[in-house]
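Quick notes on the structure that follows.
Just so you know, these numbers come straight off a predicted model, no measurement behind them. Throughout, residue positions are numbered sequentially from 1 according to the sequence presented. Heavy atoms only: backbone and side chains are in, while hydrogens, waters and symmetry mates are out.
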Amino acid sequence: MEMIELHCKNLRGRTIVKKKFSKENTIGDVTKVIAENIGPNCQPVLFHENKPLIPESKVGDCFKSDAVLEVGLLAKNTIVTDQVHFLPLPADLRVGDTLSLSLKYSKTKIFLHDTIPNFRGSYSIAWSSLYARNDMKIDTILFHGVTGEEKPEFNVSLSTENIAGDSNKVVVANDWSLSPGIRVFRKISSQSPQIVRYRYDGIYKVVAYWPEVLKNDEPSLVEWRYLLTASAALHRPPEIPEDDKIGEINGISVGDTWINRNELSQQKFHTPPQQGISGKKNFYAYSIVVKQSSKYEDNIDDRDVIIYTGQSVMSKTDDKQNNEQALKDSNKALAKSCNAVFNEDGAVAFNWRDGISLRVFRKAKSTRRVRYDGIYKVYGYWPEQGRSGSKIWQFLIVRDDKSRIKWLNDDEYTHSYKVIKVCTVKNAQFT
């Protein structure tokens, strides 16, 4: 019986199996032998010259002589389909290099390079932007993780390696510069409709992450969001503007309340009687009012951490933020409060505590009362597609106040982060 020797290596070149197989054996038979050598929690996928091998194919039909195969390993409990693909990582990869791939890679979010997904360095993320002005590199990005599970394998790896925290809340790094890095490929324009191009943009670091429910139906799907930044060059020397409206004001304390927004405005603690952001154009923001309602469906209020949506004109038809937002006027003032060089594509503070002090007020849900909750800082800002489909600007705002505040039994002013109910996608197939 004629035999062919197959030298099976992982994508880093380490030998997993080196064995002779009959030409009548299938690629699936080879896969089973490899699986016996790597343990029960991983599923091998075989490649030859960067092309995946079909399990039903016979060894003799695929190879006429001895051959070297690449082995990609996939965690069995991963449930996504077209969002994850194996891709050998070029040894001489440099920032700016581009990859031209087939259309099956058009929805890729994770490129697996080696071993199981929760091994740091074994994967990269693939990112695309709706609002980038061109194909230039962007330092601050919002990555939408793989969709479906309560905590997909790749998301667990990305979050727990970089930041520790409660997985059902908004989790923020105290110092993102200390986080391990992750490779980022950006989807860029292609002249051919049959080709998808990705450019390697270098190493990014996770600043914050949080889960968002994609649908209101039950059961819901969850998509994890990751705010990442590429460069420490975003730092701006802290400035203390000569303006007595910034920061704490004598005469008010954390927990103080007002009858309504008009009273708050009359006392000059938050001047606009309706707008959520108070500040000076082309200067800094002084304060914001956080309100939970259907008008602000993109806001996330996790008490000490807020993902705040910028201002836009409300639609008269459905009372939601359907108009495109721009980074100007009050939104620009809020962005400039971040301890980073102002950037029209978004930015993250190098040292967020050195940002401009921002007063945060919360409006009660069932009454018109407003409460003062202390000083917060703008950690970062970025453009995003809102739930209504329009462009919005979002701001990561973190509490930096020495005064303690009791959050217990506080649903009147804040929405505690609910335990997320998600469904599992079954019978998924990898291509």
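By the 6.0 Å contact criterion, NZ on K107 is open, its count of non-hydrogen atoms from other residues, nucleotides or ligands being 12 or less. Annotation: L93, atom CG; neighbour count of heavy atoms from other residues, nucleotides and ligands within 6.0 Å is above 12.
Residues meeting the salt bridge (charged side-chain N to carboxylate O under 4.0 Å, His left out) test with R368, sequence neighbours left out: none. In this view, R199 and D201 satisfy the salt bridge (charged side-chain N to carboxylate O under 4.0 Å, His left out) rule, not counting sequence neighbours. Evaluation of the salt bridge (charged side-chain N to carboxylate O under 4.0 Å, His left out) rule for K187 yields no partner, not counting sequence neighbours.
For the residue pair I34 and C8, the shortest heavy atom distance occurs at CD1-SG, 3.8 Å. Scanning all heavy atoms of the two residues, the minimum distance from F143 to A126 falls at CE1-O, 3.5 Å. Between K205 and G181 the shortest heavy-atom distance is CG-CA, 4.2 Å. Nearest heavy-atom pair, S390 versus E324, reported as atom, atom and distance to 0.1 Å: CA-OE2, 3.4 Å.
The one candidate from Y381, Y379, F395 that meets the ring-ring contact (aromatic ring centres under 6.0 Å, His included) condition with W352 is Y379. Among the candidates T229, L396, L228, I138, the single residue satisfying the side chain to side chain contact (heavy atoms under 4.5 Å, CB included) test with W382 is L396. Among N262, L264, N260, the one residue that satisfies the side chain to side chain contact (heavy atoms under 4.5 Å, CB included) test with P273 is N262.
Ring centers of Y198 and F111: under 6.0 Å apart, within the cut-off. Centroid-to-centroid, the aromatic rings of Y204 and W127 stay 6.0 Å apart or farther.
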Inset, instruction - Show your reasoning for whether side-chain contact (heavy atoms from CB on, under 4.5 Å) applies to I375 and R359. - result: CA-CA 5 Å; I375 296 298; R359 296 186 298 276; 4.0 Å; yes
Legend entry - R369 and I259: CA distance, side-chain angles, deciding distance, side-chain contact (heavy atoms from CB on, under 4.5 Å) verdict: CA-CA 5 Å; R369 297 196 71 86; I259 296 175; 4.1 Å; yes
Legend entry - Step-by-step side chain to side chain donor-acceptor pair (under 3.5 Å) determination, S278 to H270: CA-CA 6 Å; S278 175; H270 182 88; 4.5 Å; no
Inset, instruction - Apply side-chain contact (heavy atoms from CB on, under 4.5 Å) to the pair F342 and K332, showing each step before the final yes or no. - result: CA-CA 9 Å; F342 176 75; K332 184 175 181 179; 3.7 Å; yes
Legend entry - Step-by-step side-chain contact (heavy atoms from CB on, under 4.5 Å) determination, F269 to Y286: CA-CA 9 Å; F269 297 134; Y286 302 137; over 6 Å; no
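How far OG of S337 is from OH of Y376: 15.5 Å, rounded to the nearest 0.5 Å. Rounded to the nearest 0.5 angstrom, T31 OG1 and L46 CG are separated by 4.0 Å. Annotation: the span from L142 atom CG to Q385 atom CD amounts to 12.0 Å, rounded to 0.5 Å. Expressed to the nearest 0.5 Å, how far CD of Q325 lies from OG1 of T309 amounts to 6.5 Å. One distance of note links CD1 of I397 with SG of C338; it measures 10.0 Å at 0.5 Å rounding. Going from atom CG of N299 over to atom CD1 of I306 covers 8.5 Å, rounded to the nearest 0.5 Å.
Put simply, the side chain of N343 does not reach to within 4.5 Å of the side chain of T140, judged on heavy atoms. Considering only heavy atoms from C-beta on, K377 stays 4.5 Å or farther from V398 through its side chain.
Under 3.5 Å, the side chains of H144 and Q83 contain no donor-acceptor pair of N or O atoms.
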